[in-house]
Amino acid sequence: MTAPRTPSPRKAFGRLSLPERSYVADALRTETVGGVLLLLAAVAALIWANVPGLHDSYESVSHFHFGPEALGLNLSVAHWAADGLLAIFFFVAGIELKRELVAGDLRDPKAAALPVVAALCGMAAPALVYTLTSGVGGGSLAGWAVPTATDIAFALAVLAVIGTSLPSALRAFLLTLAVVDDLFAILIIAVFFTDDLNFAALGGAVAGLAVFWLLLRKGVRGWYVYVPLALVVWALMYNSGIHATIAGVAMGLMLRCHRREGEEHSPGEHIEHLVRPLSAGLAVPLFALFSAGVAISGGALADVFTQPETLGVVLGLVVGKTLGIFGGTWLTARFTRASLSDDLAWADVFAVATLAGIGFTVSLLIGELAFEDDASMTDSVKAAVLAGSLIATAVATVLLKIRNAKYRRLTEEEERDEDLSGIPDIYEQDDPAYHLRMAEIHERKAAEHRRLARERAAERDALAEVTGGAGEEHNGPA
């Protein structure tokens, strides 16, 4: 009898399956473009809000109201961007979360443990850092949730520029981490930033979501059915007192994200493919344009590091996020069967953890909600989010530059396709046909080398005969 096989410990940041790797690559490309647009929008907002001749126009546009007042939707442009357009971003986040739960890393509890624990630690640590910093300094504790969120688009944009050769497993970890991070950020918004509830509107929103779910299960198709229904659900959710972006998340979670027989893409994947560019290319940049326009001066920047609330935000993003995610990952590897991939070092994980300190979109949103009755503090917290994100970017840039040479070697190994099958060789190690193809390639190469060896030997012999004959004719050395 053979001894029972002992299961090998699971590798943290191990190689992804080929379908998962393809999905991650597609998602990263869109998020990276969105991150660049987000960065440009933030820079444009800062310029627009700080150039003396343009500041008044920025304020006028941001606070311009429009919309049907009878429906409770006569909102400012900035409000429409935060509550309306950002619901599209959270809709995509809901689809991503659903996909991870049914087809991605979160489907396997053992694989899910790592990003879930890392995300939880990466939210608890910044909240703790903020609470300690602001509490010791005598500041308000209302902003404890501001540094808990990671801006995945911004982080991936930095990663695309600096960490060009980052292994796909670490990129996927950052993406999965952000999905879990978004989930808990949504829960924080729903639980802690909901004041008065309008139960009639909330009941209507729930009924609308039920209709949305029923239509999906019946297989009803057509954007002209779902888009008007989604707008009604969003409007009811907004008037209920719960943040309207929750409607986007709920509808995203209802989409089916597993493929049935004969389907090339699930409905969730198809809709995400259609909506993600709208989210990354329009909704999030416009939100940044009307949220990041903070008046910046030398005194304002100095205040960021002297006020307890703003200092807590900066330290929460830069220190809390990094230590929380890295510590959560290390603890998971230390006390479970998970272990770090042999190709990576803990310095690689630490470098990626620093990227999570880039908290922009959701951090700005939570900052507005936490201090909505204090305009001055809202602007200060926004400045702190910008400062903390900038510092995290600088630190991550330095660390990723240091590690990039090693990343490049790993990426080359992942991309090698010697048999020209269109599938990287590393994914074909268990395929006999791959080894047969490689044997044929090596045999051809060996035959070519033997032919070249014979030709070189013949050329050398011919040269020796010629030079030898010349030496005899002149009675001297050749």
Side-chain angles (χ1 to χ4, degrees), residues 19-45 77 80-100 103-104 149-161 168 171-172 174-176 178-179 181-182 185-186 212 216 221-231 234 244-245 247-257 259 263-292 358 360-362 364-365:
E20 185 71 6
R21 177 183 160 185
S22 300
Y23 168 80
V24 168
D26 291 340
L28 288 176
R29 276 193 289 270
T30 306
E31 293 284 9
T32 299
V33 173
V36 173
L37 293 175
L38 174 62
L39 177 60
L40 294 175
V43 171
V77 170
W80 275 110
D83 285 282
L85 290 177
L86 213 56
I88 300 173
F89 165 80
F90 279 102
F91 174 69
V92 174
I95 299 175
E96 287 179 339
L97 177 61
K98 179 67 174 291
R99 187 199 168 279
E100 289 295 327
T150 294
D151 192 299
I152 186 58
F154 217 144
L156 291 176
V158 174
L159 193 61
V161 175
S168 58
R171 290 174 180 262
L174 184 61
L175 189 62
T176 306
V179 171
D181 188 286
D182 284 342
I186 291 161
F212 189 88
L216 288 173
R221 298 187 177 186
W223 65 267
Y224 46 83
V225 174
Y226 291 101
V227 172
L229 178 58
L231 291 174
W234 172 85
T245 54
V249 179
M251 286 183 280
L253 286 170
M254 289 182 181
L255 293 174
R256 177 169 60 82
C257 291
R259 301 176 189 176
E263 286 185 338
E264 186 176 353
H265 301 287
S266 68
E269 290 174 322
H270 176 66
I271 294 173
E272 181 188 4
H273 178 74
L274 295 176
V275 179
R276 187 188 287 274
L278 178 63
S279 168
L282 179 67
V284 174
L286 281 178
F287 168 76
L289 182 64
F290 292 108
S291 291
I358 302 176
F360 195 81
T361 306
V362 181
L364 291 175
L365 174 61

**Request:** Evaluate the criterion side-chain contact (heavy atoms from CB on, under 4.5 Å) for residue pair L286 and W80; output intermediate values, then yes/no.
**Result:** CA-CA 10 Å; L286 281 178; W80 275 110; over 6 Å; no
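- A salt bridge links R256 and E263; the closest N-O separation between the charged side-chain nitrogens and carboxylate oxygens is under 4.0 Å.
- Ring planes of F212 and Y226: perpendicular class, angle over 60° (limits at 30 and 60°).
- To the nearest 0.5 angstrom, F89 atom CZ is 10.0 Å from R276 atom CZ.
- We find the CG-OH distance between L229 and Y224 to be 14.0 Å, quoted to the nearest 0.5 Å.
- Environment of CZ in R259: crowded, with over 12 heavy atoms of neighbouring residues, nucleotides or ligands closer than 6.0 Å.
- Contact annotation: the side chain of F360 never approaches that of L39 to less than 4.5 Å [non-hydrogen atoms, C-beta and beyond].
- Nearest heavy-atom pair, A280 versus L37, reported as atom, atom and distance to 0.1 Å: O-CD1, 4.2 Å.
- Residue L86 holds its CG atom at 8.0 Å from OG of S279, rounded to the nearest 0.5 Å.
- In plain terms, the two heavy atoms of A244 and A87 that are nearest each other are O-CB, 4.4 Å.
- Residues E272 and V92 share a closest heavy-atom pair of CG-CG1, 4.3 Å.
- Expressed to the nearest 0.5 Å, how far CG of D83 lies from CH2 of W234 amounts to 6.5 Å.
- The ring pair (Phe, Tyr, Trp, His ring centres under 6.0 Å) check on F290 picks up nothing, with sequence neighbours excluded.
- To the nearest 0.5 Å, the span separating CD1 on I358 from CG on D151 amounts to 8.0 Å.
- Annotation for A45 and A292: closest pair CB-C, 3.9 Å, computed over non-hydrogen atoms.
- Minimum interatomic distance between L289 and A41 (heavy atoms only, all atoms of both residues): CD1-O, 3.8 Å.
- With values rounded to the nearest 0.5 angstrom, I95 atom CD1 is found 12.5 Å from H273 atom NE2.
- In this structure, the side chains of L365 and F90 come closer than 4.5 Å at one or more pairs of heavy atoms.
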**Request:** In sequence, state the C-alpha distance, the side-chain angles, and the governing distance for I88 and F287, and then conclude on side-chain contact (heavy atoms from CB on, under 4.5 Å).
**Result:** CA-CA 11 Å; I88 300 173; F287 168 76; over 6 Å; no
